[in-house]
Amino acid sequence: MNHSESTRNFFEDVYDVVRLIPKGRVTSYGAIAAYLGSRGSSRMVGWAMNAAHGQKPPVPAHRVVNRNGLLTGKHHFETPTKMEELLKKEGVIVEKEAVKEFKKLFWDPSAELL
DNA sequence: TTCCTGACTCCAG
DNA sequence: CCTGGAGCCAGGA
């Protein structure tokens with residue numbers, strides 16, 4: 001397989017995992033990267049999210065935050081408050097750029113997807 | 001092709 | 001507690 005094919009599959013894999021995140025739960029870029037077998041590629045997960053807009057079926061990118069629960073990707077949504085609004089709609093409280101009860105709401109694909 | 005950037009994370013000081 | 005550097009690797013200029 002060539003380079004573009006493996007890239008496409010990596011993105012598809014990321015989207016599939018993100019779509020499996022339960023409503024009202026969140027995970028991190030690093031957790032997804034680790035689940036896909038490339039721990040150091042957390043930045044690529046973020047890059048994938050950057051290209052996730054308009055995907056069918058939709059990719060709930062708002063459920064992916066950084067390892068501390070901070071909404072570092074909020075500026076990539078339609079509006080800077082969109083990410084927080086979507087989370088709040090699912091019952092996730094966001095306080096000062098971060099997910100409240102992050103540890104409790106954290107969904108780890110490596111542990112949940114057995 | 002090289003250089004730079006980035007929705008990240010870890011580690012050293 | 002905070003800062004900087006390194007590793008990561010796909011794209012755009």
Side-chain angles (χ1 to χ4, degrees):
Chain A
M1 93 174 39
N2 64 39
H3 188 270
S4 63
E5 282 174 341
S6 60
T7 295
R8 187 199 62 201
N9 291 329
F10 177 75
F11 276 55
E12 293 293 329
D13 289 344
V14 171
Y15 298 158
D16 285 339
V17 175
V18 174
R19 286 194 275 246
L20 291 174
I21 303 172
K23 186 178 180 182
R25 302 292 297 285
V26 295
T27 192
S28 71
Y29 303 94
I32 293 172
Y35 175 72
L36 294 179
S38 45
R39 177 176 172 280
S41 301
S42 48
R43 308 180 77 167
M44 291 305 96
V45 176
W47 192 251
M49 291 298 95
N50 195 45
H53 296 295
Q55 288 297 313
K56 302 281 189 304
V59 178
H62 59 284
R63 294 182 189 144
V64 185
V65 298
N66 84 344
R67 74 178 180 106
N68 295 133
L70 293 173
L71 279 53
T72 50
K74 62 185 296 183
H75 297 301
H76 292 266
F77 285 77
E78 300 174 47
T79 68
T81 56
K82 189 71 174 178
M83 190 176 188
E84 183 175 336
E85 288 169 18
L86 290 171
L87 286 170
K88 189 171 184 178
K89 202 174 299 180
E90 299 182 352
V92 177
I93 306 301
V94 176
E95 206 168 80
K96 298 215 169 188
E97 310 276 298
V99 172
K100 201 171 183 183
E101 304 273 12
F102 177 60
K103 223 172 180 179
K104 180 180 169 188
L105 299 177
F106 183 67
W107 181 84
D108 182 3
S110 297
E112 312 279 353
L113 300 178
L114 299 177

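Since this is a predicted model, take the numbers as computed values, not measurements. To find a chain, count down the sequence lines: A is the first, B the second, and so on, and within it residues start at 1.
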Q: Output every pair passing side-chain hydrogen bond (donor to acceptor under 3.5 Å, both in side chains) with a member in residues 80-98 of chain A, not counting sequence neighbours, ordered by first then second residue.
A: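 Every side-chain hydrogen bond (donor to acceptor under 3.5 Å, both in side chains) pair that includes a residue of residues 80-98 of chain A, provided the two are not neighbours, is A:His62-A:Glu90, A:Arg63-A:Glu90, A:Lys74-A:Glu97, A:Thr79-A:Thr81, A:Thr81-A:Glu85.
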Q: Evaluate the side-chain proximity of A:Ile21 to A:Val64: yes if any heavy-atom separation is below 4.5 Å, no if none is.
A: yes
Q | Under 3.5 Å on both distances, the Watson-Crick or G-U partner of C:dG11 | A | B:dC4
**Q.** Strand partner of C:dC1, provided both Watson-Crick or wobble distances fall under 3.5 Å
**A.** none
Q: Determine yes or no for a side-chain-to-main-chain donor-acceptor pair under 3.5 angstrom, with A:Asn66 supplying the side chain and A:Asn68 the backbone.
A: yes
Q) Does A:Ser28 use its side chain to pair, donor to acceptor, with the backbone of A:Ala31 at less than 3.5 Å? A)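 Here the side-chain-to-backbone pair exists.
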Can you list, pair by pair, the side-chain donor-acceptor contacts under 3.5 Å of residues 106-114 of chain A, counting residues two or more places apart and other chains?
unit_1   : atom_1 : unit_2   : atom_2 : d
A:Asp108 : OD1    : A:Ser110 : N      : 3.0

For [X], answer base if it contacts any base atom (sugar-phosphate contacts may also be present), sugar-phosphate if it contacts only those atoms, and nothing otherwise; contact means non-hydrogen atoms under 4.0 Å.
| X | value |
| --- | --- |
| A:Ala48 | nothing |
| A:His62 | nothing |
| A:Asn50 | base |

Nearest-angstrom distance from the residue atom [atom1] of [X] to [atom2] of [N]:
| X | N | atom1 | atom2 | result |
| --- | --- | --- | --- | --- |
| A:Asn9 | C:dA10 | CG | P | 13 Å |
| A:Met49 | C:dC9 | CE | P | 17 Å |
| A:Arg43 | C:dG7 | CZ | P | 12 Å |
| A:Arg39 | C:dG7 | CZ | C1' | 10 Å |
| A:Trp47 | C:dC9 | CH2 | P | 15 Å |
| A:Phe10 | B:dC8 | CZ | P | 14 Å |
| A:Asp13 | C:dC9 | CG | P | 15 Å |
| A:Leu36 | C:dA10 | CG | P | 14 Å |

Of the options [options], whose atoms approach the side-chain atoms of [X] most closely?
| X | options | value |
| --- | --- | --- |
| A:Phe11 | C:dG11, B:dA7, B:dC10 | C:dG11 |
| A:Met44 | B:dA7, B:dT9, B:dG6 | B:dG6 |
| A:His53 | B:dA7, B:dG6, B:dC10 | B:dA7 |

Q. A:Val45, A:Leu20: one ILVMFWY side-chain cluster at the under-4.5 Å cut-off?
A. yes
Q: Using a cut-off of strictly less than 4.0 Å between a heavy atom of the residue and any atom of DNA chain C, enumerate the qualifying residues of residues 68-77 of chain A by number.
A: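 Close to the strand, none.
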Q. Is the distance from OP1 or OP2 of B:dT9 to the nearest side-chain N or O of A:Ser28 less than 4.0 Å?
A.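 It does, given that an N or O in the side chain of A:Ser28 lies less than 4.0 Å from OP1 or OP2 of B:dT9.
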Q: For nucleotides B:dT5 and C:dG4, find the distance between their P atoms and express it as a whole number of Å.
A: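 Looking at atom P only, B:dT5 and C:dG4 are 16 Å apart.
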Q: Answer yes or no: side-chain N or O of A:Ser41 and base N or O of C:dC8 forming a donor-acceptor pair under 3.5 Å.
A: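 Per atom types, no contact qualifies.
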